[in-house]
Trainee: 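Here it is: the structure, laid out below.
Naming: A, B, ... by sequence-line order, numbering from 1 per chain. Not measured: the values here are computed from a predicted model.
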Amino acid sequence: MSVRVRFAPSPTGFLHIGGARTALFNWLYARHMGGQFVLRIEDTDAARNSQEAVDVILNGLRWLGLAWDEGPMTGDATGPCRGERGPYFQSQRRENYEKRVEALLSHDLAYERDGAIRFRMKREATVFEDLIVGEVRRELTDREEKDPDFVIVRSDGKPVFHLTNVVDDLEMGITHVIRGEDHLSNTPKHIALFEAFGVPAPHYAHIPLILNPDGSKMSKRDAGASLHTYLEEGYAPEAVLNYLSLLGWSPKDNREMLPVKEMVDLFDLPGVLRHNARFDLAKLQWMNGQYMAQLPGDRFHELCVHTLAKAGYDTNTYPLEYVKGALDTCYGKLKTFAELPAYAGFYFRDTVEFEPEAEEKAFTKENRPLLQRLREVYAGMEKWDVGHLEAKLKNTAGELGVKVGALVLPVRVACTGSRVGPSLYHLLEVIGREVALARLDGALARMPV
RNA sequence: GACCCCAUGGUCUAGCGGUUAGGACACCACCCUUUCACGGUGGUAGCCAGGGUUCGAGUCCCUGUGGGGUCGCCA
């Protein structure tokens with residue numbers, strides 16, 4: 001039988017980074033086994049759900065490149081879906097649940113009390129084999145010793161998660177349930193329900209959780225918990241995907257950079273680690289830098305423009321060649337696109353914004369005559385290009401008897417306002433003679449005599 | 001409180017009875033260099049504790065400790 005796995009998020013308006021990894025592991029397993037990856041939306045809590053909230057999930061998965069074989073095509077619960085086992089929104093499956101509950105009731109496997117319907121749970125330990133955790137033997141908790149039965153339909157008629165989840169997995173033919181470890185303790189309930197419906201339970205694989213750097217549970221409010229922060233800050237999805245794959249799994253050959261294709265080839269459930277992992281933003285950033293440095297030029301430009309636009313820089317008001325030239329000087333220099341506005345914003349501003357420390361270091365009394373002299377040399381240059389800019393600057397430094405760096409710093413700060421930035425000669429060529437000389441003049445005016 | 005899972009440097013991990021415990025991120029130093037970043041070289045830092053089993057334990061067993069999770073008419 002072909003493998004069928006599913007990712008079944010609840011539309012809460014955001015996609016948790018841990019949920020994204022759960023989706024990734026499901027997707028990887030499906031691809032590795034040549035099976036089907038199903039997306040199901042668990043939107044039983046209608047009041048809190050919306051089409052926009054579903055779109056957040058859909059967009060997040062699409063951004064990561066995790067295409068689903070079956071499931072919704074839009075955020076509209078009544079809209080088009082792909083696949084034969086729908087509907088793929090729980091809000092559209094009321095009848096399915098009602099029929100199943102009727103069946104349980106008629107076989108006395110469930111009963112009504114206080115208006116709610118409760119499932120008759122067995123009063124003994126459950127043993128099951130988890131593909132990742134191994135054999136799990138779960139005894140009854142003290143509460144369950146008193147009353148192991150649990151509610152499957154609320155008194156207001158709404159079915160409860162445990163019921164809907166099992167019914168859907170059953171009817172959608174799910175063979176492997178790959179989900180967060182927070183469901184491990186719920187699994188006996190689900191197994192009991194499958195047995196009550198007269199079918200064997202699917203295979204289970206509980207993956208460890210992603211924790212905050214301090215080891216606490218990563219909840220909705222924690223920084224970096226939402227996948228969309230990475231989307232919005234201009235991370236490369238390939239980097240996020242690669243980083244996520246290495247949390248709780250390893251290709252075992254000391255490699256960090258792993259193309260998706262190889263991930264699919266190497267991934268398997270028994271290889272998933274059993275312990276929780278902490279989210280390390282620094283490593284994600286490093287990895288993002290690696291991917292950024294090997295991004296195709298046009299893709300790099302696209303993401304740069306996107307980031308700059310979000311920061312308030314409209315690159316459309318500049319000639320295309322200028323924008324391309326400017327962004328080329330940033331290629332391979334950044335770890336994240338979020339650094340770009342501070343790094344290259346000077347290209348797209350009329351005035352230079354000086355960083356106080358930079359100005360203090362560079363605009364000194366001693367540097368004034370040096371910069372003055374260079375300004376004269378540059379003003380008299382015939383060809384304004386990288387080669388000449390560099391040669392002239394080094395020439396002038398020698399002539400003045402100072403180190404190259406002594407000249408580079410004030411020029412850099414004069415033109416960019418910062419001590420860090422793209423290659424000086426390249427950025428000078430890009431901004432052009434007119435702007436460069438104007439900025440040198442502006443700096444000279446600010447320097448103490 | 002009961003129940004479940006887990007435990008290799010600060011972080012992610014390799015290891016599956018005999019290793020100088022390997023790699024990556026981060027950090028420190030140096031080199032390269034027009035700054036930063038990249039790259040290169042070197043370095044600091046680890047098997048949670050205590051008992052067993054064994055000729056021999058990071059690897060197997062037990063206990064403790066610590067961390068996480070579950071015990072809802074939330075999902």
Trainee: Which of the following nucleotides, B:A75, B:U34, B:A14, is nearest to the side chain of A:K252?
Mentor: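 Among the listed nucleotides, the one closest to the side chain of A:K252 is B:A14.
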Trainee: Checking A:T187 against A:H206 for the side-chain hydrogen bond (donor to acceptor under 3.5 Å, both in side chains) test, could you report, in this order, the C-alpha distance in whole Å, the side-chain angles of both residues, the deciding distance, and whether it holds?
Mentor: CA-CA 10 Å; A:T187 304; A:H206 288 90; 3.2 Å; yes
Trainee: NA contact type, A:A116, heavy-atom cut-off 4.0 Å: base, sugar-phosphate, or nothing?
Mentor: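 Since a base atom lies under 4.0 Å of A:A116, the category is base.
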Trainee: Is the phosphate of B:U34 approached by A:K394 (side-chain N or O, under 4.0 Å from OP1 or OP2)?
Mentor: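 For B:U34, OP1/OP2 do have a side-chain N/O of A:K394 under 4.0 Å.
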Trainee: Determine the contact category for A:L393: base if any of its heavy atoms lies under 4.0 Å from a base atom, sugar-phosphate if only primed atoms, P, OP1 or OP2 are that close, otherwise nothing.
Mentor: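 If one applies the 4.0 Å heavy-atom cut-off, A:L393 turns out to touch nothing in the nucleic acid.
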Trainee: Expressed as a whole number of angstroms, how long is the span from A:K333:NZ to B:U34:P?
Mentor: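 After rounding, the reported distance stands at 12 Å.
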Trainee: Could you tell me whether A:E139 contacts a base, only the sugar-phosphate backbone, or nothing, with contacts defined as non-hydrogen atoms closer than 4.0 Å?
Mentor: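 Sugar-phosphate: the residue A:E139, judged by heavy atoms under 4.0 Å, touches backbone atoms but no base.
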Trainee: Who is the Watson-Crick or G-U wobble partner of B:A29, with both distances under 3.5 Å?
Mentor: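 Looking at the geometry, B:A29 pairs with B:U41.
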Trainee: Counting side-chain heavy atoms from C-beta on, which of B:U11, B:A75, B:U13 comes nearest to A:R278?
Mentor: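 Comparing B:U11, B:A75, B:U13 against the side chain of A:R278, the answer is B:U11.
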Trainee: Side chain of A:H426: nearest nucleotide among B:A14, B:U34, B:U70?
Mentor: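 The answer is B:U34, which lies nearest to the side chain.
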Trainee: Heavy atoms only, 4.0 Å cut-off, all strands: where does A:G289 land among base, sugar-phosphate and nothing?
Mentor: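 A:G289: no heavy atom of the nucleic acid under 4.0 Å.
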Trainee: If we call it a pair only when both distances are under 3.5 Å in a Watson-Crick or G-U wobble match, what pairs with B:A2?
Mentor: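 By the stated definition (distances under 3.5 Å), B:U70 pairs with B:A2.
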Trainee: May I ask you to say what A:H162 touches in the nucleic acid, namely base, sugar-phosphate or nothing, with a heavy-atom cut-off under 4.0 Å?
Mentor: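 If one applies the 4.0 Å heavy-atom cut-off, A:H162 turns out to touch a base.
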Trainee: If you check the A:N254 side chain, which of B:U34, B:C71, B:G22 turns out closest?
Mentor: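 In terms of side-chain proximity for A:N254, the closest of B:U34, B:C71, B:G22 is B:G22.
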Trainee: Can you figure out which of B:G68, B:G22, B:U35 approaches the side chain of A:V420 most closely?
Mentor: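 My answer, after comparing the listed nucleotides, is B:U35.
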Trainee: Can you identify which nucleotide, out of B:C12, B:A2, B:A75, has its nearest atom closest to the A:D142 side chain?
Mentor: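 Selected nucleotide: B:A2.
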Trainee: With RNA chain B as reference, determine whether A:R255 or A:H275 sits nearer its 5' end, using the nearest nucleotide of each.
Mentor: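 The residue closer to the strand's 5' end, by nearest nucleotide, is A:H275.
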Trainee: In the structure shown, which nucleotide is the Watson-Crick or G-U wobble counterpart of B:A24, with both distances under 3.5 Å?
Mentor: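 Pairing partner, where one exists within any strand: B:U11.
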Trainee: Strictly by Watson-Crick or wobble contacts shorter than 3.5 Å, is anything paired with B:C55, and which nucleotide is it?
Mentor: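 Its partner is B:G18.
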Trainee: Counting just side-chain N and O atoms, does A:R138 come under 4.0 Å of either OP1 or OP2 of B:C71?
Mentor: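 For B:C71, neither OP1 nor OP2 has a side-chain N or O of A:R138 closer than 4.0 Å.
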Trainee: A:L140 near the nucleic acid: base, sugar-phosphate alone, or nothing, with a heavy-atom cut-off under 4.0 Å?
Mentor: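 Sugar-phosphate contact only.
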Trainee: Using heavy atoms to find the nearest nucleotide of RNA chain B for A:H183 and A:L209 separately, return the residue whose nucleotide is more 5′.
Mentor: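 With A:H183 and A:L209 compared, the 5'-side residue is A:L209.
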Trainee: For the pair A:F354 and A:F363, name the ring-plane relationship: parallel under 30°, tilted 30 to 60°, perpendicular over 60°.
Mentor: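 Perpendicular.
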Trainee: Is the gap between the ring centers of A:W384 and A:Y378 under 6.0 Å?
Mentor: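 Yes, ring centres under 6.0 Å apart.
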Trainee: Which part of the nucleic acid does A:Q290 contact within heavy-atom distance under 4.0 Å: base, sugar-phosphate only, or nothing?
Mentor: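 The residue A:Q290 makes sugar-phosphate contact but no base contact.
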Trainee: So, taking the atom named CG in A:D149 and the one named CZ in A:R113, what distance separates them when rounded to the nearest 0.5 Å?
Mentor: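 Spacing of CG (A:D149) from CZ (A:R113) equals 8.0 Å.
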Trainee: May I ask you to evaluate whether A:T44 reaches the phosphate of B:A75, defined as a side-chain N or O under 4.0 Å from OP1 or OP2?
Mentor: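 Looking at the OP1 and OP2 atoms of B:A75, one of them is under 4.0 Å from a side-chain N or O of A:T44.
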Trainee: With sugar-phosphate meaning primed atoms plus P, OP1 and OP2, does A:G405 contact a base, only sugar-phosphate, or nothing at under 4.0 Å between heavy atoms?
Mentor: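 Result for A:G405 = nothing.
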Trainee: What nucleic acid atoms does A:P422 come within less than 4.0 Å of, heavy atoms only: base, sugar-phosphate, or nothing?
Mentor: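 If one applies the 4.0 Å heavy-atom cut-off, A:P422 turns out to touch a base.
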Trainee: So what does A:Y243 touch, heavy atoms closer than 4.0 Å: a base, only the sugar-phosphate, or nothing?
Mentor: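 Here A:Y243 touches no strand at all.
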Trainee: Please report whether the ring centroid of A:F25 lies less than 6.0 Å from that of A:W249.
Mentor: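 No.
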Trainee: Hey, does A:N165 reach any base, or is it just sugar-phosphate, or nothing, if we go heavy atoms under 4.0 Å?
Mentor: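 No contact at all - A:N165 keeps every heavy atom at 4.0 Å or more from the nucleic acid.
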Trainee: Nearest to the side chain of A:R154, heavy atoms from C-beta on, is which of B:A75, B:U34, B:C4?
Mentor: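 Taking heavy atoms from C-beta onward, the closest nucleotide is B:A75.
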Trainee: Does the ring center of A:F279 lie less than 6.0 Å from the ring center of A:Y243?
Mentor: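 Centroid distance A:F279-A:Y243: below 6.0 Å, so yes.
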Trainee: For A:Y331, which of A:F300, A:Y343, A:F337 qualifies under ring pair (Phe, Tyr, Trp, His ring centres under 6.0 Å)?
Mentor: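 The single option meeting the ring pair (Phe, Tyr, Trp, His ring centres under 6.0 Å) with A:Y331 is A:F300.
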Trainee: Taking only the side-chain heavy atoms of A:E256 (C-beta and beyond), determine which of B:A75, B:U70, B:G23 contains the nearest atom.
Mentor: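 Among the listed nucleotides, the one closest to the side chain of A:E256 is B:G23.
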Trainee: Would you mind checking if A:K217 and A:D222 are paired as a salt bridge, meaning a charged N to carboxylate O distance below 4.0 Å?
Mentor: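 Not counted as a salt bridge, because no side-chain N and carboxylate O are separated by less than 4.0 Å.
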Trainee: Need one value for A:N186: base, sugar-phosphate or nothing, where a base atom within 4.0 Å counts as base even if backbone is also close, heavy atoms only.
Mentor: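 It contacts base atoms.
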Trainee: What does B:G50 pair with, Watson-Crick or G-U, if both distances are under 3.5 Å?
Mentor: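 Result: B:C62.
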Trainee: Of all the choices, B:G23, B:C36, B:A75, which nucleotide is nearest to the side chain of A:V160 once you look at every atom?
Mentor: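 Out of B:G23, B:C36, B:A75, the nucleotide with an atom closest to A:V160's side chain is B:A75.
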Trainee: At under 4.0 Å between heavy atoms, what does A:Y425 touch on the DNA or RNA strands: base, sugar-phosphate, or nothing?
Mentor: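 Base contact - A:Y425 has a heavy atom under 4.0 Å of at least one base atom.
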Trainee: Using purine N1 to pyrimidine N3 plus N6-O4 or O6-N4 for Watson-Crick, or N1-O2 and O6-N3 for G-U wobble, each under 3.5 Å, what pairs with B:U35?
Mentor: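 Partner of B:U35: none found under 3.5 Å.
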Trainee: Contact class for A:R137 vs. all strands (heavy atom < 4.0 Å): base, sugar-phosphate, or nothing?
Mentor: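 Contact class for A:R137: sugar-phosphate only.
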